[in-house]
Colleague: 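One structure coming up, written as structure tokens, with questions to follow.
Chain letters run A, B, ... following the sequence lines, proteins first, then strands; residues in each count from 1.
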Amino acid sequence: MPELPEVETVVRQLRRKIVHRRVVSGRILHKNVVEGISSRKFLSSIKGKMIQAVTRRGKFIIFTLDNGRDWISHLGMTGKYVVCGDHGGASKHRRAYFSLSGGCELIFVDMRVFGKMLLVDSGTGYLAHLGVEPLSDDLDARYLRAALARRRIPIKTVLMDQKMVAGIGNIYASEILFDARLSPRKQAHRLTRKETVRLTESIKRILKQAVELNGTTISDFRGVDDKSGRFQEMLKVYGRRGESCYACGHPIRRIVQAQRSTFYCTHCQRAG
DNA sequence: CCAACGTCCTGCGTGC
DNA sequence: TGCACGCAGGACGTTG
């Protein structure tokens, strides 16, 4: 479900509610949720530990524990965390349950079970394969130009490659390319210097705006406290197949790239 | 090294 | 009504 803005929203909400609480007990309700070790081992490793911080890297959530280990979680397509009996905790798609100190409950709900949680020693570099954080200074036109130069695939597909830039998914890839007036079909290595600068600016502008609006709520995405994001009101192309482009009036087209939907305006985003 | 494709899951809407 | 199929905000392993 979530891309960088949604995960950032979740992390900020979780931070307010669960930092400095201890894990009193827990239950894993689906066998595929914990990766690498058994559910039993996972639970015994986090039990009694305090959550010192909640942070984000790409689309991963990191719960820093006070025993030198990180509890890392990915929401997959449909995962979400519900805290303290907030709306949604009673879902039949509950996959994990944690009782925290102070009478607080943390519940992981995930219909499709693509979400994951695992435990790593802090600083082992489990997330080291991820590319730069798009909202940090690490992402600039120079970095992007070098990264794109060796890729012989469409720019849309490259934008979603977490090893290049971490956090962009299917919705924001389309929105970013519309903002940059670039065709999603253009081969990555064929972007000009000028286009690369534009793309860099669009990545930052769109993601920053989406974070400010608490992400995009389509179908069932909700923040931890069940508030909707508001970026869906800003979507210019995603999910708008056949509708008129707000800029030029031409119909928005849907194509499939790397088995994912891409939406774009063939007039505003001409190849070439 | 790179690119393309299948797979892990469940549920919903659509059309026959 | 039933059923097959396409679609869904992701990532990774295998194959060529």
Colleague: Quick one: sort the A:Y238 and A:F263 rings into parallel, tilted or perpendicular, breaks at 30° and 60°.
Modeller: perpendicular
Colleague: Rounded to whole angstroms, how far apart are CG on A:L75 and C1' on C:dG10?
Modeller: 11 Å
Colleague: If two hydrophobic side chains count as joined below 4.5 Å and joins carry through other members, does A:I51 share a cluster with A:V33?
Modeller: yes
Colleague: Which of residues 155-165 of chain A have a heavy atom under 4.0 Å from DNA chain C?
Modeller: A:M160, A:Q162
Colleague: What is the distance, to the nearest angstrom, from the CZ atom on A:R260 to the P atom on C:dC7?
Modeller: 12 Å
Colleague: Please state how far atom CD1 in A:I168 lies from atom P in C:dG10, giving the value in whole angstrom units.
Modeller: 11 Å
Colleague: Is any side-chain nitrogen or oxygen of A:T78 closer than 4.0 Å to OP1 or OP2 of B:dG11?
Modeller: no
Colleague: Select base, sugar-phosphate, or nothing to describe what A:R241 touches, counting heavy atoms under 4.0 Å on all strands.
Modeller: nothing
Colleague: So which protein N/O to nucleotides 3-5 of chain C N/O distances come out below 3.5 Å?
Modeller:
none

Colleague: Where each pair must be Watson-Crick or G-U wobble with both distances under 3.5 Å, what dot-bracket representation of DNA chain B is obtained, with crossing pairs in [ ] and other-strand partners as |?
Modeller: .|||||||.|||||||
Colleague: Go through the structure and list residues passing salt bridge (charged side-chain N to carboxylate O under 4.0 Å, His left out) with A:D70, not counting sequence neighbours.
Modeller: none
Colleague: Is any side-chain N or O of A:K59 closer than 4.0 Å to OP1 or OP2 of C:dG10?
Modeller: yes
Colleague: Does a donor on one side chain and an acceptor on the other come within less than 3.5 Å for A:T64 and A:Q52?
Modeller: no
Colleague: Check the side chains of A:Y246 and A:R240 for a donor-acceptor pair under 3.5 angstrom, ignoring hydrogens and angles.
Modeller: yes
Colleague: Please encode protein proximity along nucleotides 1-10 of chain B as a string of B, S and -, counting only heavy-atom distances under 4.0 Å.
Modeller: -SSSBB-BBB
Colleague: Is there a chain of hydrophobic side chains (I, L, V, M, F, W, Y, each step under 4.5 Å between heavy atoms) that links A:F114 to A:F60?
Modeller: no
Colleague: Can you check the A:D110 CG to B:dG11 C1' distance for me, whole Å?
Modeller: 13 Å
Colleague: Would a hydrophobic clustering, with Ile, Leu, Val, Met, Phe, Trp and Tyr connected at side-chain separations under 4.5 Å, put A:V54 with A:L118?
Modeller: no
Colleague: When the distance from CG of A:L118 to C1' of C:dA11 is rounded to whole Å, what number comes out?
Modeller: 13 Å
Colleague: Please confirm whether the backbone N or O of A:A180 pairs with a side-chain atom of A:R198, one donor and one acceptor, at under 3.5 Å?
Modeller: yes
Colleague: Measuring from A:L65:CG to A:R22:CZ, what's the distance to the nearest 0.5 Å?
Modeller: 10.5 Å
Colleague: Distance check, rounded to the nearest 0.5 Å: A:L100 atom CG versus A:E105 atom CD?
Modeller: 8.5 Å
Colleague: Report yes or no: does A:Q269 contribute a side-chain atom to a donor-acceptor pair with the main-chain N or O of A:L182 at less than 3.5 Å?
Modeller: yes
Colleague: Examine A:F63 together with A:F98 and report whether their ring centres are nearer than 6.0 Å.
Modeller: no
Colleague: Quick check on the hydrophobic clustering: are A:L207 and A:V197 connected, directly or via other members, by side-chain heavy-atom contacts under 4.5 Å?
Modeller: no
Colleague: Figure out the CD/P separation between A:E3 and C:dA11, and round it to whole Å.
Modeller: 9 Å
Colleague: I'd like to check the salt bridge (charged side-chain N to carboxylate O under 4.0 Å, His left out) partners of A:K163; sequence neighbours left out, ordered by chain and number.
Modeller: A:D161
